[in-house]
There are 2 protein chains.
Amino acid sequence: MARSDTRFREAYNRLLDYCATLGPDAAVPAESKLGEIANVSRTVVRRCLSRMEDKALIRWDGREKRLLRAPNDRDRMAQPDQAGASDDLEQRFLEWILKFDVPANTTLSVAELSRNFGVPQHELKEFLAGLSRFGLVTRRKQGGWMLLGFTRSFAVELSDFRTVLELNAISHAVEAPVDHPFWGRLEESRAAHLALLERIDTDFHEFSKLDEAFHMAINSVVKNRFVAEFQKVISLIFHYHYLWDKTHEKIRNGAAIEEHLAIIDALEARDEAAALAATRRHLKTSKTTLLSSLRYHDLV
Amino acid sequence: MARSDTRFREAYNRLLDYCATLGPDAAVPAESKLGEIANVSRTVVRRCLSRMEDKALIRWDGREKRLLRAPNDRDRMAQPDQAGASDDLEQRFLEWILKFDVPANTTLSVAELSRNFGVPQHELKEFLAGLSRFGLVTRRKQGGWMLLGFTRSFAVELSDFRTVLELNAISHAVEAPVDHPFWGRLEESRAAHLALLERIDTDFHEFSKLDEAFHMAINSVVKNRFVAEFQKVISLIFHYHYLWDKTHEKIRNGAAIEEHLAIIDALEARDEAAALAATRRHLKTSKTTLLSSLRYHDLV
DNA sequence: TTTATTGTATTGAATTATTAAAAACCATTG
DNA sequence: CAATGGTTTTTAATAATTCAATACAATAAA
């Protein structure tokens, strides 16, 4: 009928745990102290104390608070389990779009999404509002939301944007000091690439993971919140598209490994021009792949 | 107690207007037709018809709908006026932050903002959710929102990101075909710059407008929804910061004009390297100015 | 007094409930 | 059977409700 009292329930159990550490008949600390312990406001603490008094766990009169008995398991409050459903909403949402190939210009029903993802409606609305900043969805005049991507133009613009960010990252990377952890990650990545190349005939689908790690390593050099925010979306989209598009996967991945290695070589030689050229080449291939995987469904 | 019936009221008035164009005793078209006319669903149309029947404007029996008399002004429904308050919320919000120098790590109260900006709470929540994508605000664990920017690191990262986007735009611009409208805008911009340079001693604060137009012209060459979305925020922030920071404004603006002209020259000469260098120089100055304007309040 | 603590009131935000509107579905008429 | 109207179901906007945080006043301890 109103907001949940999860906070109270959690705090109550945490305070029980704390009381268990106290000796029998011990004095219970001040409300504000308890608030710090349970990381909640005094209001919640008082509600907890109130309940503890009811349950004959403590005697409470003004600032005189005494523990009457040690708390046991039956004192604990039950938690309505709906663990972290809204945590990885973004991940799951994009996954859903790409996995089920949800077409562009589909109207999204907040109510339906809310049911399917097990997330309250208002959270979904906020989430969609956030996505609209990336031009992936938009508000309809009659109310409600509409999925804009994945059109061809969306993919093109996303690829171009990715290229801009990644080339910038490369420029930063060649300038990175020798003791930057990035170089270590790069060497690891090279080894992993070479190892996969050996057994590419059988394990070619392992490339997807390598690819993500590789690009993340490069972008890790750039410490920029705007870039990071976009990178999350970009990598997710490219990642899943590679997973779903099964055409010529083996050849494609083999070629991509070579392209990656070329970039690594140029980076380690501190040759910016060569690294940029290699990256351009690689991202061009990427873009082509992404576009060809859209060819069939996208008529917009 | 629930959603407003603005849609119904607007539709009713629009249908009155439509009925006024009909002759006396005319047949009123089908519900779905009326829905198209007023751009609403049949549900709303039926509510309108129902009311029109009550007011003895029409006779309504199944598909037999007849206009009984011409509608007059007293038939119209009053509109609770709250015209387009939420339209330029973004503009007004950022303006507020910069104008009043709202410090970083300020907790934002949705209720208060809602009152001050005259926008329903849920719209504000969605808006803030959108801004959080740009790292300008974030959710607090205890609920509510917190303003993150304008810290020094935010300004640095924003400037860097702007540089990345703008250099990319320059690269695109030199490649633009001769008949691209951009070249016209650039020439206009050059003329305006030269004109302002003549009377810089008195009209130096006019530069802010010029600056915005200049950068918008350059970025107009890049057709990319992600870039466009960011550019909106970036230009707004830089724009206002220039407005508020009054130190050495005349000298600063004079120098900036020269820098702009250098970029224009290089662009029109189709000299990419020179254009990039000039832009780098200009954006570096920009960044320095932005940072020095923060010097005083920012201790984070 | 001064300071720490509690008691109380006010304000804010998460979440539900309610109503307007849209959409889907079925019935009927010409 | 096609177009239109009646009815039901579903969705989304928004206010109301309740939990929680915070501000402030009162009081006891130092």
Side-chain angles (χ1 to χ4, degrees), chain A residues 1-12 27-36 38-50 60-65 80 82 86 107-115 119-126 128 139-146, chain B residues 1-12 27-36 38-50 60-65 80 82 86 107-115 119-126 128 139-146:
Chain A
M1 219 172 289
R3 71 186 287 183
S4 61
D5 56 357
T6 321
R7 222 167 152 67
F8 159 63
R9 299 171 107 87
E10 276 177 12
Y12 188 79
V28 178
E31 291 173 5
S32 42
K33 212 81 192 164
L34 293 174
E36 277 175 41
N39 201 31
V40 292
S41 72
R42 269 185 55 219
T43 310
V44 177
V45 170
R46 301 189 104 241
R47 234 185 116 183
C48 291
L49 289 175
S50 204
W60 184 23
D61 181 40
R63 15 199 108 179
E64 183 65 13
K65 298 188 286 288
Q82 37 161 339
S86 43
T107 53
L108 301 173
S109 146
V110 173
E112 194 184 333
L113 292 175
S114 164
R115 278 193 300 270
V119 165
Q121 293 201 9
H122 58 96
E123 269 185 45
L124 247 152
K125 275 173 63 176
E126 286 183 18
L128 290 176
R139 226 181 223 308
R140 294 195 318 154
K141 318 102 229 172
Q142 310 104 314
W145 297 87
M146 184 164 118
Chain B
M1 212 177 298
R3 70 186 288 183
S4 60
D5 56 357
T6 321
R7 221 168 152 67
F8 159 62
R9 299 171 106 86
E10 277 177 14
Y12 188 80
V28 178
E31 291 173 5
S32 42
K33 213 79 190 167
L34 293 173
E36 277 174 43
N39 201 31
V40 291
S41 73
R42 268 185 55 219
T43 312
V44 178
V45 170
R46 301 189 103 240
R47 235 184 114 183
C48 292
L49 289 174
S50 203
W60 185 23
D61 182 39
R63 16 197 106 178
E64 182 65 12
K65 297 187 287 289
Q82 39 161 336
S86 43
T107 52
L108 300 173
S109 145
V110 172
E112 195 184 332
L113 292 174
S114 165
R115 280 194 298 271
V119 166
Q121 293 201 8
H122 58 97
E123 270 184 44
L124 247 153
K125 275 173 63 176
E126 285 182 18
L128 289 176
R139 228 178 222 308
R140 294 196 318 154
K141 318 103 229 172
Q142 310 103 316
W145 296 87
M146 183 162 116

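Sequence lines set the chain letters: A, B, ... in the order given, protein chains first and strands last, and positions in each chain run from 1.
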Quiz item: With a non-hydrogen cut-off below 4.0 angstrom, is A:Leu108 in contact with a base, only sugar-phosphate, or nothing?
Solution: sugar-phosphate
When only distance counts, do a donor and an acceptor, one from the side chain of A:Thr43 and one from the base of D:dT22, lie under 3.5 Å apart?
yes
Applying salt bridge (charged side-chain N to carboxylate O under 4.0 Å, His left out) to B:Arg140 and not counting sequence neighbours gives none
Query raised in the report: For A:Lys33, which contact category applies under a 4.0 Å heavy-atom criterion: base, sugar-phosphate, or nothing?
Result: nothing
(message) Taking any heavy-atom pair under 4.0 Å as a contact, classify A:Arg42: base, sugar-phosphate, or nothing.
(response) base
A:Arg63 side chain N/O closer than 4.0 Å to the phosphate oxygens (OP1, OP2) of D:dA29? no
Here the gap from A:His122 atom NE2 to B:His122 atom NE2, rounded to the nearest 0.5 Å, amounts to 13.5 Å
> Is the shortest side-chain N/O distance from B:His122 to OP1 or OP2 of D:dT14 below 4.0 Å?
Replying inline: yes
**Message:** Just N and O in the side chain of A:Arg46: are any of them under 4.0 Å from OP1 or OP2 of D:dA21?
**Reply:** no
Query raised in the report: Is there a donor-acceptor pair closer than 3.5 Å between any side-chain N or O of A:Ser114 and the backbone N or O of A:Val119?
Result: yes
- Can you tell me if the side-chain N/O atoms of B:Ser41 get under 4.0 Å from OP1 or OP2 in C:dA21? no
inquiry  = Tell me whether the side-chain N/O atoms of B:Ser4 come closer than 4.0 Å to OP1 or OP2 in D:dT14.
reply    = yes
Those residues at least two apart in sequence (or on a different chain) that pass side-chain contact (heavy atoms from CB on, under 4.5 Å) with B:Glu36 are none
To the nearest angstrom, the CG-P distance between A:Leu34 and C:dT5 comes to 11 Å
B:Arg9 near the nucleic acid: base, sugar-phosphate alone, or nothing, with a heavy-atom cut-off under 4.0 Å?
nothing
note: B:Tyr12, atom OH; C:dA21, atom P; distance rounded to Å ~ 14 Å
note: B:Glu126, atom CD; C:dA14, atom C1'; distance rounded to Å ~ 15 Å
Examine D:dA21: is either OP1 or OP2 under 4.0 Å from a nitrogen or oxygen in the side chain of A:Arg7? Give yes or no.
-> yes
Whole-Å distance, A:Glu31 CD to D:dA21 P, equals 14 Å
| query | Between D:dT11 and A:Arg115, is there an OP1 or OP2 to side-chain N/O distance shorter than 4.0 Å? | reply | yes
Any side-chain N or O of B:Ser109 less than 4.0 Å from the OP1 or OP2 oxygen of C:dA13?
-> yes
Requested in this report: Could you check whether B:Trp145 gets within reach of a base, just the sugar-phosphate, or nothing at all, counting any heavy atom under 4.0 Å?
Outcome: nothing
Would you please confirm or rule out a distance under 4.0 Å between OP1 or OP2 of C:dA21 and any side-chain N or O of A:Arg140?
no
